[in-house]
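Note that the numbering runs from 1 along the sequence shown for the chain. Remember, it's a predicted structure, so these values are computed and weren't measured experimentally. What you see below is based on every heavy atom in this structure, not just the backbone, and it leaves out hydrogens, waters and symmetry mates.
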Amino acid sequence: MSDHDSPVDVHALSVNYRGRPALDRVTFRLQPGVTGLLGPNGAGKTTLLRVLATATTADSGGLTVLGHDPATGPGKLAVRRALGYLPQNPGFHPHFTALEFVDYVAILKEMTDRRARRTEALRVLEAVGLSDQRSKRIKALSGGMRQRVALAAAIIGDPELLVLDEPTVGLDPEQRLRFRELIADLGEGRTVLLSTHQTEDVAALCHRVVVLDRGVVRFQGLPSELTALAAGRVWSSGERDRSALAGWRTGEGTFRNIGSPPPGAELVAPTLEDGYLLLLDGALSSEEAVR
């Protein structure tokens, strides 16, 4: 596979903050569809997304986005024109209406024709289900609606690549489900990188998953492959097994344990979260963890 066969090609990318590595020789490739970037708080996810969005420059390593090198002036401009970015904390102007905010972002994306720009702003607001809220000021919208406004701004101009940083954080269960629907639809025909620490979002949405921990890629592959890392390591018992790495009482009253099961344990089917927990706890050998 050549460098241009992949929409995003990251090779040995490193970023240091105050002498400490935020990203340590990170290497992966993205393909069309939704890829989940999974990791705990402080793993380096936001730093990586800021590099992809050209908001931060890497200290070393290589990066190609949609065939462009963002380390060059022309490359950075080309990436920004083809990118949709939803940061973790969107910079809303609270007195803007939803339509005014999206229109403002369209201006920043060099959409100079006023009529065409308004048509596009109305299109993306309809795409995220906010047509009837377009004239409301952002300060009057709920948290879920504000996230939808931010997503509308990210997809203005129909970008080839979407970079979404924790888009479902702080949403209630219904809002999260609606947001998953939107992201799944957006993943059809384009490349989406979804940063999250919610394993449920990855299991529900993502075609591939990259696990980042303390600036290092610990896993990359299919969600089913991450789940399979926990095969034979999850068991049920009448009481918490103190030898388990983690264990909790389920709604049925039994305990679900993760780790190295004792002889004769009642094994249960693993989940993606089980594989993720074992990976982060260091319970897997280097051969098991690498994909």
As an exercise, state the distance from CG of Asn16 to CG of Leu23, rounded to the nearest 0.5 Å.
9.0 Å
Quick one: do the Asp59 and Ser14 side chains pair a donor with an acceptor below 3.5 Å?
no
Nearest-0.5 Å distance that lies between atom CG in Asn257 and atom CG in Leu245:
10.0 Å
Do Asp274 and Arg256 come within less than 4.5 Å of each other through their side chains, counting heavy atoms only?
yes
Please say whether more than 12 non-hydrogen atoms of neighbouring residues, nucleotides or ligands are located less than 6.0 Å from NZ in Lys109.
yes
As a quick check of understanding, evaluate salt bridge (Lys or Arg N to Asp or Glu O under 4.0 Å) for Arg123 and Glu120, giving each step before the final call.
CA-CA 5 Å; Arg123 181 190 72 82; Glu120 175 66 359; 2.8 Å; yes
Reported CG-to-CG distance for the pair Leu66 and Leu83, which is rounded to 0.5 angstrom
8.0 Å
Look only at the side chain of Arg190 and the backbone of Leu186, and say whether a donor-acceptor pair between them is shorter than 3.5 Å.
yes
Take Leu151 and Phe179, measure what side-chain contact (heavy atoms from CB on, under 4.5 Å) needs, and give me the verdict at the end.
CA-CA 9 Å; Leu151 183 59; Phe179 227 80; 4.0 Å; yes
Is there a donor-acceptor pair under 3.5 Å between the side chain of Thr97 and the backbone N or O of Glu100?
yes
Closest non-hydrogen atom pair, Gly91 against Phe101
O-CE1, 3.8 Å
Can Tyr276 be reached from Trp235 by stepping across I, L, V, M, F, W or Y side chains whose heavy atoms are under 4.5 Å apart?
no
Can you check whether Ser131's main-chain N or O pairs, donor with acceptor, with Arg134's side chain at less than 3.5 Å?
yes
Donor-acceptor contact present, side-chain His207 to main-chain Gly33, <3.5 Å
no
Verify the distance criterion only: is there a donor paired with an acceptor across the side chains of Thr56 and Arg50 at less than 3.5 Å?
yes
Give me the atom names and distance for the closest heavy-atom approach of Val105 to Ala153.
CG1-O, 3.7 Å
Looking at every heavy atom in both Leu205 and Val34, which two are closest together, and how far apart are they?
O-CB, 3.9 Å
Same cluster or not: Leu52 versus Val216, using hydrophobic residues (I, L, V, M, F, W, Y) connected whenever any side-chain heavy atoms lie under 4.5 Å apart?
no
Heavy-atom distance under 4.5 Å between the side chains of Arg118 and Leu122, does that happen here?
yes
Assess whether side-chain contact (heavy atoms from CB on, under 4.5 Å) is satisfied between Leu226 and Leu279, documenting all intermediate values.
CA-CA 9 Å; Leu226 181 54; Leu279 188 69; 4.2 Å; yes
In terms of hydrophobic clustering (I, L, V, M, F, W, Y; side-chain heavy atoms under 4.5 Å; direct or indirect links), are Tyr104 and Val149 co-clustered?
yes
Treating Thr227 as the side-chain partner and Leu272 as the backbone partner, does any N or O pair qualify as donor plus acceptor under 3.5 Å?
yes
Would you mind reporting whether Ile138 and Arg146 have side-chain heavy atoms less than 4.5 Å apart?
yes
Please report the shortest heavy-atom distance between Ala58 and Leu13, naming the atom on each side.
CB-CD1, 3.4 Å
Determine whether Arg178 and Leu182 make a side-chain contact, defined as any pair of heavy atoms from C-beta on separated by less than 4.5 Å.
no
Taking the side chain as everything from C-beta on, heavy atoms only, tell me whether Ile258 gets closer than 4.5 Å to Leu277.
yes
Would you indicate whether the side-chain heavy atoms of Phe96 and Lys139 approach each other to under 4.5 Å?
no
Looking at NZ of Lys45 and NE2 of His197, how far apart are the two atoms once the value is rounded to the nearest 0.5 Å?
7.0 Å
Over all atoms of both residues, closest heavy-atom pair of Gly238 and Phe255:
O-CD1, 3.7 Å
How about Arg29 and Pro7: do any of their side-chain heavy atoms sit closer than 4.5 Å?
no
Atom CG in Leu37, atom CD in Gln220: separation rounded to 0.5 Å?
11.0 Å
Does Arg25 have more than 12 heavy atoms from other residues, nucleotides or ligands lying within 6.0 Å of its CZ?
no
For a quick check under 3.5 Å, do Glu273 and Thr271 share a side-chain donor-acceptor pair by atom type?
no
Under 3.5 Å, is there a donor-acceptor pair between the side chain of His93 and the main chain of His95?
yes
Answer with yes or no whether the hydrophobic clustering places Tyr17 together with Val51; edges join I, L, V, M, F, W, Y residues whose side-chain heavy atoms lie under 4.5 Å apart.
yes
Check the pair Thr250 / Glu252 against side-chain hydrogen bond (donor to acceptor under 3.5 Å, both in side chains), numbers first and verdict last.
CA-CA 5 Å; Thr250 68; Glu252 289 77 27; 3.2 Å; yes
Step by step, work out the side-chain contact (heavy atoms from CB on, under 4.5 Å) result for Leu193 and Leu162.
CA-CA 6 Å; Leu193 181 59; Leu162 272 178; over 6 Å; no
Can you tell me how far apart CG (Leu280) and CZ (Arg214) are? Round to the nearest 0.5 Å.
8.0 Å
Just so I know, are the side chains of Leu194 and Pro167 near enough to count as touching, which here means a heavy-atom distance under 4.5 Å?
yes
Shared ILVMFWY cluster between Leu108 and Leu77, side chains joined below 4.5 angstrom?
no
What verdict does the side-chain contact (heavy atoms from CB on, under 4.5 Å) test give for Val102 and Ile156, after you've listed the backbone C-alpha separation in whole Å, the side-chain angles of each residue and the deciding distance to 0.1 Å?
CA-CA 8 Å; Val102 174; Ile156 197 85; 3.7 Å; yes
Minimum heavy-atom distance Pro70-Val79, with the two atoms named:
CB-CG2, 4.3 Å
Check the side chains of Arg208 and Thr35 for a donor-acceptor pair under 3.5 angstrom, ignoring hydrogens and angles.
no
